[in-house]
Structures are given as structure tokens and as C-alpha cells.
A.B. asks: 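A single structure is presented below for examination.
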Amino acid sequence: RQTRWAINISLDRADDAANEYEMNIALETAREWLDFWKSRLPEGDGVKDRTRRAECYGICGSTLKRIGLLHYHRKVEISGQTTLKQSLAAYRKAMEQWAVDEEKYHWVATQALFLIAALGQPPEPETFLLAHKLAERDLNRGSGALKAWGYGTMAELEMLAMYHKPDRKAEDVRKVVEEHCSALFKLMGEGSFEVDSTRRQFQRYIEYSNYWKELEVCRPIAEKAVEALSPISGISHSNLPDYAR
């Protein structure tokens with residue numbers, strides 16, 4: 001927990017940096033904390049040790065993705081692309097470790113599927129189908145927050161189907177995404193962490209579509225998702241937060 005906190009503090013400083021030098025110092029600190037965490041990982045093959053490694057690799061993927069997007073945001077696209085490839089590699093490691101814990105597999109798989117699309121790599125329909133199946137299972141058997149996260153994950157996966165399952169029609173995908181987001185909003189209500197977090201995720205997709213043409217097809221779907229997640233507050237896709245928040 002302390003290491004994750006330290007990493008987030010470093011990333012926040014990078015976001016607020018006044019110049020590239022300050023940003024690079026903060027990002028280097030975040031990477032140093034990641035290296036420190038990885039140096040303390042257990043090497044056993046038991047479920048507990050694999051889970052600890054998976055969590056670390058998942059946070060590595062998340063951190064590197066945020067760093068990569070910051071580079072894109074600051075027009076340093078070559079560094080951004082390299083870092084996003086490192087992020088994808090970390091998510092793949094987490095997927096390998098969490099293969100024994102299916103409840104968490106679909107979270108890292110969804111992030112990997114996004115990066116595959118953003119980097120223009122070949123679609124992975126098998127990974128998509130497995131993640132979709134596990135997320136759907138959790139949605140149907142969960143309740144409360146677990147069910148809410150299930151709706152959010154399913155909505156994001158449905159949108160990524162536009163890249164990984166191109167046989168799907170955009171209008172059909174849009175309807176299903178809206179249904180999941182509306183159900184999430186109805187279940188948890190305006191202002192809940194689950195609704196706010198999922199809305200921010202879809203708002204990021206809207207901005208991501210400015211960087212990668214592969215995600216342009218997702219933009220109108222993401223806009224509808226944001227509307228479904230904010231019918232009372234009136235928040236729309238035109239009110240984007242800072243992309244890394």
C-alpha cells in the first residue's frame with residue numbers, strides 16, 4: 001500500500017510539473033518505486049505468491065500506461081509508444097499470474113486489450129472472449145460493488161469489441177454499452193465511486209481517440225456511455241477531466 005501511494009504521488013507530481021525536467025524527475029522516481037516493489041516479489045508457485053506478483057505487474061502496467069499517455073499528452077509520441085509497449089508487457093505478465101484467479105483476470109485483460117488496439121497490434125479475439133466470459137459470470141453472480149464493477153467492465157469490453165470482434169455492428173455495441181452503463185448508474189447512483197470511476201474511464205477513451213485512429217470508432221460509443229453515466233448531473237463528454245486523473 002505504501003509503495004502504491006508513493007507511486008501515485010510521483011505520478012501526480014509529473015502531471016503538475018511546470019517543465020519537462022521536473023516531469024522526468026517525477027517519472028524516474030515512480031519507476032524506481034516500481035523496481036523496488038519488483039525486487040521484493042516472492043518466487044514461489046503457490047496461489048498467494050502468484051497473486052502478489054500479479055498485483056505488482058498489474059500496477060506496473062497501470063503506471064506505465066499513465067506515463068505513456070502523459071508523454072502523448074506532451075507531444076513526446078516516440079517515448080509514449082515505447083512506454084505503452086512496456087505497459088502491455090506488464091499486463092501480459094499479470095494475466096499469466098492471475099490465470100489461477102479468474103475473478104481478477106478480466107481486469108488486466110481489458111487493459112491489455114485497450115493497449116493492443118491503441119498500438120495497432122493484431123486483434124486478440126480469444127483473449128477478448130475469455131475476458132468477456134469471466135466478466136459476464138461475475139456480473140451475473142455478484143451484488144453491490146462487485147456487480148457494479150461487472151457492469152463497468154462489460155461496458156468497456158463491449159466497446160473494445162469494435163476492434164477485437166469487428167463482426168459486431170456499431171449500433172448494436174452502442175446499445176449494449178448504454179444498457180450496462182445505465183444499469184450501473186441505477187444500481188449505485190450519482191456520485192458513487194463506481195459510477196465516477198467508470199465515467200472517467202470512458203471520458204479518457206474520448207481523448208484517446210485523438211491520439212490513435214484505431215480508437216476513433218470507439219468515440220461515439222464512449223460519448224453515449226458518458227451520457228448514460230451522468231443523466232442527472234448533466235456531465236457530458238465536452239467536460240473532460242485531466243486525462244490522468
Side-chain angles (χ1 to χ4, degrees), residues 1-43 49-98 104-105 107-119 149 152-153 156 193-212 215 239-245:
R1 287 194 298 269
Q2 290 177 331
T3 304
R4 292 178 65 173
W5 177 82
I7 291 171
N8 284 328
I9 289 295
S10 298
L11 293 175
D12 287 343
R13 288 174 177 169
D15 289 339
D16 299 331
N19 53 59
E20 189 172 345
Y21 175 77
E22 291 182 2
M23 180 189 76
N24 288 335
I25 291 296
L27 294 182
E28 183 61 30
T29 301
R31 288 180 178 272
E32 288 175 356
W33 279 112
L34 284 177
D35 290 340
F36 172 72
W37 191 353
K38 287 187 288 186
S39 71
R40 302 183 65 185
L41 290 177
E43 298 180 356
D49 287 350
R50 289 173 67 93
T51 298
R52 289 179 61 186
R53 290 196 297 270
E55 181 183 11
C56 177
Y57 295 142
I59 296 301
C60 282
S62 176
T63 301
L64 292 169
K65 183 178 74 172
R66 186 168 168 182
I67 292 173
L69 292 172
L70 180 57
H71 283 308
Y72 271 96
H73 189 64
R74 299 216 175 191
K75 311 301 182 184
V76 191
E77 295 186 6
I78 294 178
S79 297
Q81 185 178 59
T82 298
T83 306
L84 290 187
K85 288 179 179 179
Q86 295 171 347
S87 173
L88 177 57
Y91 278 129
R92 289 194 185 282
K93 284 187 176 181
M95 289 165 62
E96 292 172 359
Q97 299 298 321
W98 257 330
K104 296 183 177 68
Y105 176 90
W107 174 74
V108 291
T110 301
Q111 306 312 305
L113 290 167
F114 155 70
L115 288 171
I116 290 168
L119 292 168
W149 290 124
T153 299
E156 188 174 356
F193 177 72
E194 293 83 1
V195 168
D196 288 346
S197 178
T198 304
R199 184 173 59 241
R200 287 196 302 271
Q201 181 71 357
F202 279 103
Q203 287 172 324
R204 290 171 187 143
Y205 271 101
I206 297 169
E207 184 166 352
Y208 297 159
S209 67
N210 296 325
Y211 301 142
W212 302 289
L215 294 178
N239 300 318
L240 291 176
D242 181 271
Y243 77 98
R245 300 295 181 182

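Given the structure is predicted, the values throughout are model-derived calculations rather than measurements.
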A.B. asks: With rounding to the nearest 0.5 angstrom, report the CZ to OG1 distance, Phe114 to Thr110.
C.D. replies: 12.0 Å
A.B. asks: With rounding to the nearest 0.5 angstrom, report the CZ to CD distance, Arg52 to Glu43.
C.D. replies: 11.5 Å
A.B. asks: Which distance, rounded to the nearest 0.5 Å, do you find between the OG1 of Thr29 and the CD1 of Ile9?
C.D. replies: 12.0 Å
A.B. asks: Any side-chain heavy atom of Phe202 within less than 4.5 Å of one from Ile206?
C.D. replies: no
A.B. asks: If we count only N and O atoms by modelled type, under 3.5 Å, do the side chains of Gln201 and Arg204 hold a donor and an acceptor together?
C.D. replies: yes
A.B. asks: Are Trp212 and Leu84 close enough that some pair of their side-chain heavy atoms sits under 4.5 Å apart?
C.D. replies: yes
A.B. asks: Considering residues at least two apart in sequence or located in another chain, which fulfil the ring-ring contact (aromatic ring centres under 6.0 Å, His included) criterion with Phe193?
C.D. replies: Trp149
A.B. asks: How close do Thr198 and Gly152 get, heavy atom to heavy atom, and via which atoms?
C.D. replies: CG2-CA, 4.0 Å
A.B. asks: For Cys56 and Lys38, work out which heavy atoms get closest and say how close.
C.D. replies: SG-CG, 3.7 Å
A.B. asks: Between Gly68 and Thr83, which heavy-atom pair has the shortest distance, and what is it?
C.D. replies: N-CG2, 3.7 Å
A.B. asks: With side-chain contact (heavy atoms from CB on, under 4.5 Å) as the criterion, how do Asn8 and Arg66 come out once you've worked through the C-alpha distance, each side chain's angles and the decisive distance to 0.1 Å?
C.D. replies: CA-CA 10 Å; Asn8 284 328; Arg66 186 168 168 182; 4.1 Å; yes
A.B. asks: Can you tell me if Arg13 uses its side chain to pair, donor with acceptor, with the backbone of Glu22 under 3.5 Å?
C.D. replies: no
A.B. asks: Can you find a heavy atom in the side chain of Arg1 that is under 4.5 Å from one in the side chain of Arg4?
C.D. replies: no
A.B. asks: Measuring centre to centre across the rings, with the benzene-like ring taken for any Trp, is Tyr208 within less than 6.0 Å of Tyr72?
C.D. replies: no
A.B. asks: Are any of the side-chain heavy atoms of Lys93 and Arg53 separated by less than 4.5 Å?
C.D. replies: no
A.B. asks: Search all heavy atoms of Ala17 against all heavy atoms of Arg74 and return the closest pair with its distance.
C.D. replies: O-NH2, 3.1 Å
A.B. asks: Hey, does Gln111 have a side-chain heavy atom less than 4.5 Å from the side chain of Met95?
C.D. replies: no
A.B. asks: Ignoring hydrogens, what is the shortest heavy-atom contact between Leu88 and Leu115? Give both atom names and the distance.
C.D. replies: N-CD1, 3.6 Å
A.B. asks: Would you check if the side chain of Ser62 reaches a backbone N or O of Gly58 as a donor-acceptor pair within less than 3.5 Å?
C.D. replies: no
A.B. asks: Taking the side chain as C-beta and beyond, is there a heavy-atom pair between Arg92 and Tyr57 under 4.5 Å?
C.D. replies: no
A.B. asks: Is there a donor in the side chain of Glu156 and an acceptor in the side chain of Tyr205, or the other way round, less than 3.5 Å apart?
C.D. replies: yes
A.B. asks: Is there a side-chain contact between Leu41 and Trp37 (heavy atoms, below 4.5 Å)?
C.D. replies: yes
A.B. asks: For a 4.5 angstrom cut-off between non-hydrogen side-chain atoms, does Arg31 reach Leu27?
C.D. replies: no
A.B. asks: Spell out, as yes or no, whether a donor-acceptor pair under 3.5 Å connects the side chain of Thr63 to the backbone of Ile59.
C.D. replies: yes
A.B. asks: Of the non-hydrogen atoms in Ala90 and Cys60, which two are nearest, and what is the gap between them?
C.D. replies: CB-CB, 3.9 Å
A.B. asks: Which value, rounded to the nearest 0.5 Å, describes the distance between Ile7 atom CD1 and Asp12 atom CG?
C.D. replies: 12.0 Å
